[in-house]
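The residues of the chain are indexed from 1 along the displayed sequence.
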Amino acid sequence: MKIYPVPADETVRVRRAAALARNRKLLGIFSVVFAISAVLCLIATLVTVVVVELGKKTESQITLLWILTGAFAAGAVIFAALGFFLSRAMQSAYAAELDYRERLNGENSFFVGDGTLATFEADALRIHAEGGGREDIRVPYAEMRFFSVCTRRLPKEKGERSVVMEVPVKYLAKKGKVRADDPPALIQADEKERLLECLQTHGLKLVGEEPPQENRKFTLRRKFIFPDRAARKRSLIGIAIGALLLAGGIGAAFWQTTVGAILGVFGLFLIGRSSVSFAGAKRALCFYDEGVYWRERARTDCVFLKWNEILSVSQTEKDGVSLLKFECAYGAYHFANAAGAPEYLKEIKPDLWKD
């Protein structure tokens with residue numbers, strides 16, 4: 001992430017913030033444009049291939065179609081690569097923009113939500129809106145805890161590092177709506193060198209694992225699968241519609257080659273996409289030597305917990321569904337239970353199981 005200095009002049013500060021926002025938005029727009037262009041080129045490639053194979057054509061027509069096929073295929077690869085790199089550049093630009101906006105407020109300020117900053121002061125953490133307009137909340141350090149958390153979406157050592165701050169809920173909830181047994185609230189900020197130095201300066205203890213030195217893969221020992229029947233049913237419907245389009249395209253090709261080719265390509269595309277969706281329509285609870293992994297269809301919903309960050313594991317129930325509760329110092333995770341999973345956990349981690 002690039003660090004932009006904060007100018008002394010207020011006018012220049014505002015201009016630079018606006019420029020960073022424009023840069024991030026342009027990168028995002030172009031990444032989407034290139035991604036769509038890549039998909040269109042891929043479809044055009046399939047269409048030209050089918051057109052080449054259907055109907056009688058002269059040698060010059062066939063040559064032209066193969067040239068178009070190669071051009072569309074090259075365009076798909078180039079646009080996909082450009083879209084990927086611009087998407088990564090947009091993420092980096094957004095991180096730099098957020099860091100700059102934090103430092104506009106102060107070197108000890110950090111985002112803990114959309115438009116919400118946490119500023120470290122002499123003896124308390126001040127939570128406030130970026131542009132003002134809301135009453136500030138001050139939480140004494142003596143009533144807080146700070147955790148170094150690594151959010152892993154894959155069973156690998158490295159992940160997204162953050163600092164989770166535990167705040168008594170009485171400071172964030174409305175008056176009269178706090179109960180004695182309410183758990184503390186958690187707010188999160190990206191773990192960066194400036195934040196770590198700030199914690200050290202204020203003498204605040206950071207609990208959690210140290211950043212890993214290597215990004216090694218973990219060793220799988222046991223897996224429990226949960227098929228998503230509703231998603232698989234939708235995928236089967238997509239496969240059936242794709243098969244009808246393909247059959248209709250083959251029949252239409254005898255009447256009009258271009259129409260038949262387009263229908264056939266869309267049918268093949270739908271069959272392929274639905275087949276991939278059918279294969280991925282499942283969740284999984286996986287046990288590794290290093291921890292437990294909950295895998296969802298969407299990568300952003302996947303979670304890997306290392307054994308050393310899990311305090312206890314217990315069996316619970318919610319809305320009639322059996323769940324496994326993995327309690328960590330900064331909160332609890334609930335994953336679907338499977339026949340044999342509790343017994344396996346008791347076998348490999350008897351010290352963590354809690355009846």
Side-chain angles (χ1 to χ4, degrees), residues 147-164 166 183-186 188 191 207-212 214-239 273-355:
F147 302 94
S148 175
V149 177
C150 182
T151 303
R152 296 176 173 90
R153 305 298 180 188
L154 292 172
K156 294 182 180 180
E157 191 67 64
K158 291 187 178 180
E160 302 169 6
R161 302 198 64 85
S162 60
V163 172
V164 174
E166 185 181 87
L186 301 174
Q188 179 177 303
E191 185 177 291
V207 180
E209 62 176 299
E210 295 291 328
E214 57 179 347
N215 190 24
R216 63 186 181 89
K217 290 185 177 181
F218 297 152
T219 305
L220 177 65
R221 293 302 182 190
R222 187 79 181 271
K223 181 189 295 185
F224 296 90
I225 302 297
F226 304 87
D228 189 338
R229 291 180 174 81
R232 287 192 168 183
K233 184 178 180 181
R234 292 193 297 270
S235 298
L236 288 174
I237 293 174
I239 291 173
R273 186 178 182 279
S274 299
S275 298
V276 172
S277 297
F278 181 86
K282 58 187 177 183
R283 299 173 296 166
L285 180 65
C286 311
F287 294 99
Y288 288 74
D289 285 344
E290 296 80 3
V292 60
Y293 181 50
W294 176 252
R295 189 181 70 195
E296 288 274 4
R297 295 181 66 190
R299 180 173 170 177
T300 53
D301 296 327
C302 298
V303 179
F304 185 92
L305 300 174
K306 296 184 77 173
W307 293 122
N308 59 14
E309 61 182 314
I310 299 173
L311 300 178
S312 66
V313 186
S314 59
Q315 194 169 342
T316 184
E317 188 174 302
K318 184 178 181 181
D319 298 330
V321 178
S322 180
L323 301 170
L324 290 173
K325 179 182 178 182
F326 292 82
E327 188 76 41
C328 301
Y330 51 86
Y333 293 84
H334 293 81
F335 303 146
N337 194 4
E343 291 75 16
Y344 183 72
L345 272 165
K346 293 176 185 179
E347 177 186 339
I348 62 172
K349 292 292 177 181
D351 55 320
L352 292 181
W353 186 262
K354 182 180 178 182
D355 290 316

Could you check if a side-chain atom of K282 sits within less than 4.5 angstrom of a side-chain atom of R232, using non-hydrogen atoms only? yes

To the closest 0.5 Å, what do you measure between NZ (K349) and CG (D351)? 6.0 Å

Is R273 atom CZ crowded by more than 12 heavy atoms from other residues, nucleotides or ligands, each under 6.0 Å away? no

Flag for S314-E327: side-chain donor and acceptor within less than 3.5 Å: no

Once the angle between the rings of F226 and W294 is folded into 0 to 90°, is it parallel (under 30°), tilted (30 to 60°) or perpendicular (over 60°)? tilted

Walk me through whether L323 and F335 qualify under side chain to side chain contact (heavy atoms under 4.5 Å, CB included). CA-CA 6 Å; L323 301 170; F335 303 146; over 6 Å; no

Kindly give the heavy-atom pair with the smallest separation between N337 and S322, and that separation in Å. ND2-OG, 3.0 Å

If you look at every heavy atom in I225 and P227, which pair is closest and at what distance? O-CD, 3.7 Å

Heavy-atom closest pair, residues C328 and L311: C-CD1, 3.8 Å

E157/K306 salt bridge by N-O under 4.0 Å criterion: yes

Taking the six-membered ring for Trp, are Y344 and W353 closer than 6.0 Å centroid to centroid? no

Going by the angle between their ring planes, with limits at 30° and 60°, are Y288 and F304 parallel, tilted or perpendicular? perpendicular

Name the one of L345, L305, V292 that satisfies side chain to side chain contact (heavy atoms under 4.5 Å, CB included) with V313? L345

Among side-chain atoms of R161 and S148, is any donor-acceptor pair under 3.5 angstrom? yes

Could you tell me which non-hydrogen atom of A231 sits nearest to which non-hydrogen atom of R297, and how far apart they are? CB-NH1, 3.2 Å

Closest approach of A338 and P342, non-hydrogen atoms and distance? O-CD, 3.4 Å

Specify whether Y330 and Y333 have parallel, tilted or perpendicular ring planes, treating 30° as the upper limit for parallel and 60° as the lower limit for perpendicular. perpendicular

Might you confirm whether atom NZ of K346 has over 12 heavy atoms from other residues, nucleotides or ligands at distances under 6.0 Å? yes

Check step by step if side chain to side chain contact (heavy atoms under 4.5 Å, CB included) holds for E160 and C150. CA-CA 5 Å; E160 302 169 6; C150 182; over 6 Å; no

Any chance you could lay out the side chain to side chain contact (heavy atoms under 4.5 Å, CB included) test for L186 and Q188, step after step, and finish with the verdict? CA-CA 7 Å; L186 301 174; Q188 179 177 303; over 6 Å; no

Ionic contact status for K217 with E290, cut-off 4.0 Å: no

Pair L154-Y293, side chain to side chain contact (heavy atoms under 4.5 Å, CB included): steps then yes or no: CA-CA 8 Å; L154 292 172; Y293 181 50; 4.0 Å; yes

Using a 3.5 Å distance criterion without hydrogens, assess whether the side chain of R221 forms a donor-acceptor pair with backbone atoms of D289. no

Is the backbone N or O of C302 less than 3.5 Å from a side-chain atom of R153, with the two atoms forming a donor-acceptor pair by type? yes

If you take all heavy atoms of L220 and C286, which pair is closest and at what distance? CD1-CB, 3.8 Å

Just so I know, are the side chains of H334 and T316 near enough to count as touching, which here means a heavy-atom distance under 4.5 Å? yes

